Amino acid sequence: MKLIVLTGIPGSGSTTILNKTLEMVDYTHLNYGDIMTEIAIEEKIVEDRDELRKLSPDTQKVIQKKAARRIKQKSESANVIVDTHCTISTPSGFLPGLPAWVLEELQPDIFILVEANPDEIIYRRLSDETRTRDVERVKDINLHQEMNRAASMAYATLTGATVKIIENHDNHLDHTVSKMVDLLK
């Protein structure tokens, strides 16, 4: 069984690609934040997902590790794609989305980064009325994608996984999904 980590900055189209790909492959989709929320609710630590970020860092680390363990267990009987953040852009800098204690438990096979041109990402963010997104400049988007590349290679070094970058350009969704499907076979 395979365990795949899929990531892309907001507006890269990773969710769109994932949803289309899941129509064509036999993989279980797990969202890392959803699994963390399930665990925290089961343990009566929070009542909903929005309360997770208010927990102490130590409590969050424990839940992160338990989520990784749960995801790994699911990957022992099914192919799994984990949808998560490679890095998180915060006012004080970039935060790793998959710290060492998560990677130790998770041990994925492949990290897939979905990327797009900054102008495509800006347009997608502005067009998405379902979300409230931060406005970023081209250089900020480039930096975030570069940080994702660097972080994913560090993650791969720690786990022995490979890293694949898939470009998702406007009007090429079918081609991009085809690349994903081929990679997951």
Side-chain angles (χ1 to χ4, degrees), residues 1-43 45-55 57 59-90 94-116 121 124-125 128 130-134 144-145 147-148 151-152 155 159 161 163-166 168 173 176-177 180-181 183-184:
M1 301 284 104
K2 290 184 181 178
L3 177 58
I4 310 299
V5 174
L6 178 72
T7 185
I9 70 169
S12 66
S14 58
T15 301
T16 301
I17 290 168
L18 176 60
N19 291 335
K20 290 287 190 184
T21 300
L22 288 171
E23 294 172 7
M24 296 179 234
V25 297
D26 185 22
Y27 274 77
T28 299
H29 168 228
L30 300 174
N31 179 285
Y32 204 94
D34 290 348
I35 302 296
M36 285 183 62
T37 303
E38 283 175 20
I39 290 167
I41 290 172
E42 288 168 8
E43 295 182 2
I45 298 170
V46 301
E47 291 183 18
D48 61 47
R49 186 174 182 148
D50 292 328
E51 292 179 17
L52 276 179
R53 67 178 177 269
K54 297 174 186 173
L55 297 173
T59 301
Q60 288 189 43
K61 287 177 186 179
V62 169
I63 295 168
Q64 281 179 321
K65 192 169 187 171
K66 287 179 180 181
R69 192 172 302 129
R70 184 172 290 182
I71 290 166
K72 184 63 176 181
Q73 286 171 345
K74 289 183 186 227
S75 76
E76 291 170 3
S77 59
N79 290 318
V80 172
I81 296 179
V82 180
D83 181 13
T84 192
H85 295 286
C86 190
T87 62
I88 300 135
S89 180
T90 73
F94 289 93
L95 184 66
L98 297 166
W101 55 88
V102 169
L103 293 171
E104 287 170 9
E105 295 288 337
L106 207 55
Q107 293 298 312
D109 298 292
I110 304 172
F111 293 95
I112 301 174
L113 280 69
V114 176
E115 295 185 352
I121 290 173
R124 291 172 189 165
R125 289 177 180 178
D128 185 356
T130 65
R131 303 285 303 271
T132 303
R133 308 251 193 207
D134 293 335
H144 197 167
Q145 290 189 133
M147 292 301 290
N148 277 356
S152 65
Y155 300 158
T159 62
V163 176
K164 179 70 174 173
I165 297 170
I166 294 184
N168 179 32
L173 180 61
T176 305
V177 169
M180 274 282 290
V181 169
L183 183 61
L184 298 177

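Keep in mind it's a predicted model, so treat the numbers as computed, not measured. Residue numbers run from 1 in the order of the sequence given.
A distance-only check finds a donor-acceptor pair linking the side chain of Tyr155 to the backbone of Leu98 [under 3.5 Å]. Panel note: side chain Asn168, backbone Leu173; no donor-acceptor pair is recorded below 3.5 Å. Between the side chain of Asp109 and the backbone N or O of Leu3, at least one donor-acceptor pair lies under 3.5 Å.
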Could you go step by step and tell me if Leu6 and Met180 meet the side chain to side chain contact (heavy atoms under 4.5 Å, CB included) rule?
CA-CA 10 Å; Leu6 178 72; Met180 274 282 290; 4.2 Å; yes

Would you sort out whether Lys61 and Lys65 count as a side chain to side chain contact (heavy atoms under 4.5 Å, CB included), showing the intermediate values?
CA-CA 6 Å; Lys61 287 177 186 179; Lys65 192 169 187 171; over 6 Å; no

Could you walk me through whether Gln145 and Ile9 satisfy the side chain to side chain contact (heavy atoms under 4.5 Å, CB included) test, starting with their C-alpha distance in whole Å, then the side-chain angles of each, then the deciding distance to 0.1 Å, before giving a yes or no?
CA-CA 7 Å; Gln145 290 189 133; Ile9 70 169; 3.8 Å; yes

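Annotation: salt bridge (charged side-chain N to carboxylate O under 4.0 Å, His left out) contacts of Arg49 (sequence neighbours excluded): Asp34.
Under the 4.5 Å side-chain criterion, counting only non-hydrogen atoms from C-beta, Asp48 is not in contact with Thr37. Counting only heavy atoms from C-beta outward, the side chains of Met1 and Glu76 never approach each other to under 4.5 Å. Two residues are said to be in side-chain contact when any heavy atoms from C-beta on lie closer than 4.5 Å; Thr87 and Leu95 fail this criterion. Residues Ile81 and Leu22 have side chains in contact (heavy-atom distance under 4.5 Å, counting atoms from C-beta outward).
To the nearest 0.5 Å, atoms CD (Gln73) and CZ (Arg70) are separated by 8.0 Å. To the nearest 0.5 Å, atom CG of residue Leu113 and atom CD1 of residue Ile166 are 9.5 Å apart. In this structure, the separation between CD1 on Ile45 and CD on Gln60 is 10.5 Å, given to the nearest 0.5 Å. One distance of note links NZ of Lys2 with CG of Leu183; it measures 7.0 Å at 0.5 Å rounding. Atom CD1 of Ile35 sits about 13.0 Å away from atom CD1 of Ile63, to the nearest 0.5 Å.
Across all non-hydrogen atoms, the minimal contact from Gly97 to Ile88 is CA-CD1, 4.1 Å. Here the closest heavy-atom approach between residue Pro99 and residue Gln64 is recorded as CG-OE1, 3.8 Å. Ser152 and Cys86 make their closest contact through N-SG, 3.9 Å (heavy atoms, listed as atom of the first residue, atom of the second, distance). The nearest pair of heavy atoms linking Ile121 to Ala116 is CD1-O, 3.7 Å. Between Ala67 and Met36, the closest heavy-atom pair is CB-CG, 3.7 Å.
Under the side chain to side chain donor-acceptor pair (under 3.5 Å) criterion, no residue pair touches residues 10-29, with sequence neighbours excluded.
Across Glu43, Glu42, Glu105, Glu38, a single residue satisfies side chain to side chain donor-acceptor pair (under 3.5 Å) together with Lys66, and that is Glu43. With Tyr32 as the fixed residue, the side-chain contact (heavy atoms from CB on, under 4.5 Å) test singles out one of Thr7, Ile71, Val5: Ile71. For the side-chain contact (heavy atoms from CB on, under 4.5 Å) test with Leu184, the passing option among Asn79, Ile112, Ile110 is Ile112; the others fail.
Annotation for His144: atom NE2 counts as buried by contact number, over 12 foreign heavy atoms lying within 6.0 Å. In the displayed structure, Glu47 atom CD is contacted under 6.0 Å by at most 12 heavy atoms of other residues, nucleotides or ligands.
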